Amino acid sequence: MKDAYFPQEIEKKWQKIWEEKGAFKTPDSSDKPKYYALSMFPYPSGKLHMGHVRNYTITDVIARFKKMNGYNVLHPMGWDSFGLPAENAAMKHGANPETWTDENIAYMTKQLKMLGLSYDWDREVTTCKPDYYKWTQWLFLQLYKKGLAYKKEAAVNWCEECGTVLANEQVIDGKCWRCDHVVEKKYLSQWFLKITDYAEVLLEDLDKLPGWSDNVKTMQANWIGKSQGAILKFKVVEKDLEVPVYTTRPDTVHGITYLVVAPEYKDIDKLTTPENKEAVEAYRANARKMTEIERLSTDRVKTGVPLGTHCINPYTGEKFPLWTADYALVEYGTGAVMAVPAHDTRDFDFAKKYNLPLKVVIQDPNSPSDCKNEAYTEPGVLVNSNEFDGMNNEDAKKAITQKAVNGGFGEFKTQYRLRDWLVSRQRYWGAPIPVVYCEKCGIQPVPEDQLPVLLPKDVDFSVVGKSPITTSKTFMNTTCPCCGGPAKRETDTMDTFVCSSWYYLRYSDAKNDKMPFAKDKVNKWLPVDQYVGGIEHAILHLLYSRFFTKALRDLGLLDFDEPFKNLLTQGMVLKDGSKMSKSKGNTVDPDEIFENYGADTARLFILSDSPPARDFDWSDAGVEGCYKFLNRVWRLISSNEEFIGLSYPELGCGSLKKKENDNLLRLVHIAIKGITNDISNDFQFNTVISKYRELVNAIYDWRSKKSDLDEEDKIVFSFAVVTLIKLMSPVAVHLTEEAWHELGGETSIHDVEWPKWNDNLAKASSITLVVQINGKVKDKIEADEALSEEELKQLALSSEKVKELIEGKTIVKTIVVPKKLVNIVVK
RNA sequence: GCCCUGGUGGCGGAAUCGGUAGACGCGUCGGACUUAAAAUCCGGUUGGAGUUAAAUCCAGUGCCAGUUCAAGUCUGGCCCAGGGCACCA
C-alpha cells in the first residue's frame, strides 16, 4: 500500500470500477425489504453548490447505511429541468434552452459522480424530455377529466420581470419567489388545479406524518388556514339584496355597528347610493393602484368610505351602515365583514377613526370593560344579547349560528385560506398544457394517443411581452379532435412545480412508455422512506406533491395516501455567518474542494460540524482538519505489516488475555453501538464523526504503548481497524474501499454487512463511581460493576475525601444510583 | 400580533432516563522530532480565587422563580435571536 494518501487517484479509480460493475443498480425484485432514500432533485443551473453537496451526501450516507443493514435500497437522481433560467439564458446568449439545459446536466452529472454518490443512473428522470413530460401532460388530462383541472378568469399574480403569472405559493412578501420583482394583480383566464378540494385531508393527514418535523407541518397547516365559523346573511334596507358575511365570531353578532365590503366586492355598485358614488369610485380606483404590499401592510392606517346603504341585523332589528374598506379582502370568505368594534381590534381602529359607534356584548364577569380604549377579544360571557345573555361565548357561537340556520339567514361554515393552484405559465420552457380551443367545440383535451404535445423548435426567444412559443409557425394551428375543424393550441405551459409533483413516482418505473408508472411498482417502492431537502420547499413542492399523491390515489393510479414518510429538512450552508451566494462573493466551489482534498474530505466535512437540520458554517480550517483526519486513518492502514488479514477469530467476552487488548476491544464495540444509534436516531452525523475520531485516537493510543505486536495484539488490532473502515465506509466511500481491498477484501466494502456490537462488550470493564455530597461531586472511585447498592454506599463512605468532608456532620440520607453514583446528604 | 425553532467556552457543537457540564473538532499556547521548515506525535486550554508549582475552593448551560438528595435536562413567568404566517374577519 502506498505511503501517502492521494485521494484524487483512488477516487477516480473506484468511481470507474463502480460504474463498470453497475455497483449501485437496484433490482425491482429482491428478498430484502425495500428502502427508498431520496434527495430533492436539482434544477440544472450549471454547477453544484455546497447546498447540493450537503443534501446529496446526507442522503447517500443514509442509502449506504441502509444497504449494509440488509435493505434493497432505491436511491435515484434526476433533473427538475424546465423553468425560466434556461429560457433567460437562451435569450441572453441566443442559444436554445434545451442545449443550455443539456450542457448543464452533463456537467453536473460529472460532478455528482465525482462526489461518489451511489445513484442508480438507469432510473434517471429529466422533466424536460418528451418521454417524461408526455406523462406530465397525461396526468394533467386525467386531472382535467376528474374536474380537478379547470380554466377560469381570476385576479392573478403577475410578475412583469418574468413575464408570467405565479401561484400564491410563489409570491413571497408580495414579491416573485424567483426574481424578487413586485407582483401585480391582473385579471386573466388561467388554468388551475383544484387543490382546495383536498384542503381538509391535506390538513388532517399531517397527523399521519410523525417523521416530519413540527415546523414544516405547522407551516403547511398555517398555509391551509382552516377556520370554523358561520355565514350570516344581512338584508339591505334600500335594495332587494342580501350581503352574506363569513365570521368566526357569531357570538358577537349583537354588537355589529357597521358592515364592510371589499373594494372589489361584486355587488358594490348596487350597494352604493348615487350621492356616494363619486367617493366610492375614487376609493376603489385608489385601491386598484396600490400594490399588494402596500395594501396588506398591517401598520397602515385603515381607510374606507360609506356606501350610503344600510343593513338590518336579524338578531336585534337594528339598522347599521355599509362601508367599503380595503381591510376587507375580496378573495377570502364572502368578501364582506360584519364589524364589531368592541371585540375586534381591526374594527375597533376603523370605528375610532370614523367615529362609528361601539356596543359591548362580551364581558369578563370578573373585570368588565367598556371597550373605550381597546377591543376586548378574550373569551367571556354575553351581555346586551337578548335571550343569549349570560351564556358562555363559546356556547353562544353554536346557539347563535343555529338560530340563523333555523331562521334561514345563515349556516355553519368551515373556511380555508388555501386557494387553487394556478398552473399556467406564459413561458416557453415548460410542458405544454395539452388542450386545444375550437370555435365550435370549445376547450378540447388533446387525445392521449397524440401525446406528447411537443414543444416547437421554430421559436424566436428575443420577443418581449409575450411567450416565445406564440412565435412558432407550426405550433398554434391544429385541428379539433372533436369536429376536425380548425383549432388553436393552448400556448401556456405548466408551472415546473407540476413536473416535480410526481417525479418521485416515476423513479419506481422510469422507463415505462405505456404509463407514467406501473401500479405494482409504484406501490412497491413508495412511499419514500426518507426524503431529504431544503426547508424552502416546506410549502411549495411538499404541499403540491402531497396533493398529487392524493389525487392520483383517487384516480386509482396508486394505493397510498402520503408520498414522503420521513422528511429531513437540511439547514443552509453558510460562510462567515451568512448564506453562500454569488452576490455576496462567499461561495466555495465544490470542484476546488474535490481537486485539492478529494470527495471523501468534502463528504466528511459537510457532515461533521453541525447536525443535518441545522445551518452549517463552512470553514477552510475545518476542511483541512478533515483532510488531516483521513490521512491519519490512512497511516493506520498503511502500516500494514501488523495486519493478519480479514479472517481472525471471533472475539467474545474474556477472549483476550491482556487488559489493554480487552479494553480496545470494548472501545470498538462501544463505537459500533454509538455510531449505529446515532445514525438510526435522526441521522446525527456530526456525533458519528466524532466517534470515528475517538476510535482512531484510541487505536493510536493503544499502538503507541507497544513496540512489537504478538499474535493477540495483531488480532485485536486487525479487528479494530477493519471495523473502523466498515463504520466509515458510508462516509469516506473511496478511502475505505481502497483500504478494504488492500487488506484482502474481494467484494466491495459497500456490500459487506454493517458491524454488530455485543452488549456485554459495549461498555467499560469497570465503572467510575461518582461520589457526591449534597449533590456536588467530591470524589470518583473505580469500582466493579457487580457491587450491590449497599457495597457502593460503603465504598463511597470509605473514601478519604468523603470522611474528611462529613466529619462532625450528620448523614440525613444516602441516595445510590446503581453502577453510577452515590449522593450523601449531610447537615 | 399568532405559530415554530433555538439560546451551553474564543468558535462549531457534545451530554438516552433528571445523575461527572463542555465529548469530538477548530483556534490557540507549550513540548518532542528536525540543521531548519512542513508533516507528524504528545500535553494544556470555561471564568475567578489560590500556589514557586501543585493541591484545593468558588461560580457557571439567556434571565427570574419553583420542584428535587440532584436541573443544561422538569414546571411557571420573562428576555433575546432565527424562520414561517398575517387587516384571513
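Quantities reported herein were computed from a predicted structural model and do not represent experimental measurements. A note on names: the letters A, B, ... follow the listed sequences, proteins ahead of strands, and every chain is numbered from 1.
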Just checking [X]: base, sugar-phosphate only, or nothing, at a heavy-atom cut-off of under 4.0 Å?
{"X": "A:Q772", "answer": "base"}
{"X": "A:Q684", "answer": "sugar-phosphate"}
{"X": "A:R417", "answer": "base"}
{"X": "A:V777", "answer": "sugar-phosphate"}
{"X": "A:S619", "answer": "nothing"}

Provide the distance between the two [atom1] atoms, one in [N] and one in [M], to the nearest whole Å.
{"N": "B:rU75", "M": "B:rC24", "atom1": "P", "value": "31 Å"}
{"N": "B:rC2", "M": "B:rU68", "atom1": "C1'", "value": "35 Å"}
{"N": "B:rA21", "M": "B:rA59", "atom1": "P", "value": "13 Å"}
{"N": "B:rG82", "M": "B:rU8", "atom1": "P", "value": "14 Å"}
{"N": "B:rG77", "M": "B:rC4", "atom1": "P", "value": "14 Å"}
{"N": "B:rG13", "M": "B:rC26", "atom1": "P", "value": "16 Å"}
{"N": "B:rU73", "M": "B:rG18", "atom1": "C1'", "value": "6 Å"}
{"N": "B:rG62", "M": "B:rU51", "atom1": "P", "value": "33 Å"}

Roughly how far, to the nearest 0.5 Å, is the [atom2] atom of [Y] from the [atom1] atom of [X]?
{"X": "A:Y258", "Y": "A:L322", "atom1": "OH", "atom2": "CG", "value": "12.0 Å"}
{"X": "A:N313", "Y": "A:F320", "atom1": "CG", "atom2": "CZ", "value": "5.5 Å"}
{"X": "A:E169", "Y": "A:L543", "atom1": "CD", "atom2": "CG", "value": "6.5 Å"}
{"X": "A:I535", "Y": "A:M572", "atom1": "CD1", "atom2": "CE", "value": "10.5 Å"}

Practice prompt. Determine, step by step, whether A:V243 and A:D267 satisfy the side-chain contact (heavy atoms from CB on, under 4.5 Å) criterion, reporting the C-alpha distance in whole Å, the side-chain angles of both residues, the deciding distance to 0.1 Å, and the verdict.
Written response: CA-CA 9 Å; A:V243 179; A:D267 289 336; over 6 Å; no
Since syn is defined as within 90° of 0, does B:rC17 count as syn or as anti?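 Judged by the O4'-C1' to base torsion, B:rC17 sits in syn, the angle falling within 90° of 0.
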Regarding B:rG76, purine or pyrimidine glycosidic angle vs 90° from 0 gives anti
Base of B:rC69 paired with side chain of A:N823 (donor-acceptor, under 3.5 Å) =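 Result: at least one qualifying N/O pair found.
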Exercise for review: Mark yes or no for a side-chain to base donor-acceptor pair under 3.5 Å between A:K302 and B:rC87, with no hydrogen or angle criteria applied.
Suggested key: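 In this structure, the two groups form a donor-acceptor pair.
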Counting side-chain heavy atoms from CB outward, which of [options] is closest to [X]?
{"X": "A:K813", "options": "B:rC24, B:rC69, B:rA14", "value": "B:rC69"}
{"X": "A:E694", "options": "B:rA23, B:rG84, B:rC87", "value": "B:rA23"}
{"X": "A:R614", "options": "B:rA14, B:rC3, B:rA89", "value": "B:rA14"}

Base-paired stretches in RNA chain B with three or more consecutive Watson-Crick or G-U pairs, both distances under 3.5 Å, amount to B:1-7 with B:79-85, B:10-12 with B:24-26, B:27-32 with B:40-45, B:46-49 with B:56-59, B:62-66 with B:74-78
Contact list (N/O, under 3.5 angstrom) for nucleotides 55-59 of chain B vs protein:
{"from": "B:rA59", "atom 1": "OP2", "to": "A:K776", "atom 2": "NZ", "distance (Å)": "3.3"}

**Report entry** Heavy-atom donor-acceptor pair, A:N393 side chain to A:P379 backbone, under 3.5 Å
**Finding:**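 No; zero donor-acceptor contacts below 3.5 Å.
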OP1 or OP2 of [N] less than 4.0 angstrom from a side-chain nitrogen or oxygen of [X], does that happen here?
{"X": "A:Y332", "N": "B:rA89", "result": "yes"}
{"X": "A:T248", "N": "B:rA89", "result": "no"}
{"X": "A:S227", "N": "B:rA89", "result": "yes"}
{"X": "A:R693", "N": "B:rC26", "result": "no"}
{"X": "A:K820", "N": "B:rG19", "result": "no"}

**Prompt:** Which residues pass the side chain to side chain donor-acceptor pair (under 3.5 Å) test with A:S690, sequence neighbours left out?
**Reply:**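 Expected list: none.
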Those residues at least two apart in sequence (or on a different chain) that pass side chain to side chain donor-acceptor pair (under 3.5 Å) with A:S799 are A:D779
Start with the C-alpha gap between A:N168 and A:L422, add the side-chain angles, then the distance that decides, and say whether side-chain contact (heavy atoms from CB on, under 4.5 Å) holds.
-> CA-CA 8 Å; A:N168 286 321; A:L422 199 175; over 6 Å; no
Given atom [atom1] of [X] and atom [atom2] of [N], what is their separation to the nearest angstrom?
{"X": "A:K175", "N": "B:rC85", "atom1": "NZ", "atom2": "P", "answer": "14 Å"}
{"X": "A:D347", "N": "B:rA89", "atom1": "CG", "atom2": "C1'", "answer": "7 Å"}
{"X": "A:I689", "N": "B:rG25", "atom1": "CD1", "atom2": "P", "answer": "13 Å"}
{"X": "A:M572", "N": "B:rG82", "atom1": "CE", "atom2": "C1'", "answer": "9 Å"}
{"X": "A:D609", "N": "B:rG25", "atom1": "CG", "atom2": "C1'", "answer": "7 Å"}
{"X": "A:I224", "N": "B:rC3", "atom1": "CD1", "atom2": "C1'", "answer": "15 Å"}
{"X": "A:I815", "N": "B:rG18", "atom1": "CD1", "atom2": "P", "answer": "16 Å"}

Assign each of A:Y246 and A:T687 the nucleotide of RNA chain B bearing its closest heavy atom; nearer the 5' end lies the nucleotide of A:T687
Between A:G335 and A:P611, whichever has its closest RNA chain B nucleotide further toward 5' is A:P611
Fit a plane to each ring of A:Y5 and A:Y627, take the angle between them on a 0 to 90° scale, and name the class: parallel (under 30°), tilted (30 to 60°) or perpendicular (over 60°).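 Ring orientation of A:Y5 relative to A:Y627: tilted.
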#### Entry: Residues A:K397 and A:E394 bridged, charged N to O under 4.0 Å
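Salt bridge present between A:K397 and A:E394.
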ask   = Any Lys/Arg nitrogen of A:D207 or A:K217 sitting under 4.0 Å from an Asp/Glu carboxylate oxygen of the other?
value = no
Can a side-chain donor-acceptor contact be found between A:E782 and A:T768 if the only test is distance below 3.5 angstrom?
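Per modelled atom types, A:T768 and A:E782 side chains form a pair under 3.5 Å.
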Distances under 3.5 Å between nitrogen or oxygen atoms of protein and nucleotides 39-48 of chain B:
{"from": "B:rU40", "atom 1": "O3'", "to": "A:R635", "atom 2": "NH2", "distance (Å)": "3.1"}
{"from": "B:rC41", "atom 1": "OP1", "to": "A:R632", "atom 2": "NH1", "distance (Å)": "2.3"}
{"from": "B:rC41", "atom 1": "OP1", "to": "A:R635", "atom 2": "NH2", "distance (Å)": "3.4"}

All N/O donor-acceptor pairs, side-chain side in residues 601-611 of chain A, below 3.5 Å, sequence neighbours left out:
{"from": "A:T601", "atom 1": "OG1", "to": "A:Y597", "atom 2": "O", "distance (Å)": "3.3"}
{"from": "A:R603", "atom 1": "NE", "to": "A:V731", "atom 2": "O", "distance (Å)": "2.8"}
{"from": "A:R603", "atom 1": "NH1", "to": "A:D60", "atom 2": "OD2", "distance (Å)": "2.9"}
{"from": "A:R603", "atom 1": "NH1", "to": "A:L115", "atom 2": "O", "distance (Å)": "3.0"}
{"from": "A:R603", "atom 1": "NH1", "to": "A:G116", "atom 2": "O", "distance (Å)": "3.2"}
{"from": "A:R603", "atom 1": "NH2", "to": "A:D60", "atom 2": "OD2", "distance (Å)": "2.6"}
{"from": "A:R603", "atom 1": "NH2", "to": "A:P730", "atom 2": "O", "distance (Å)": "2.9"}
{"from": "A:S608", "atom 1": "OG", "to": "A:F605", "atom 2": "O", "distance (Å)": "2.9"}
{"from": "A:S610", "atom 1": "OG", "to": "A:D615", "atom 2": "O", "distance (Å)": "3.3"}

| said: Could you check, using the six-membered ring where one of them is a Trp, whether A:F629 and A:Y692 have ring centers closer than 6.0 angstrom? | reply: no
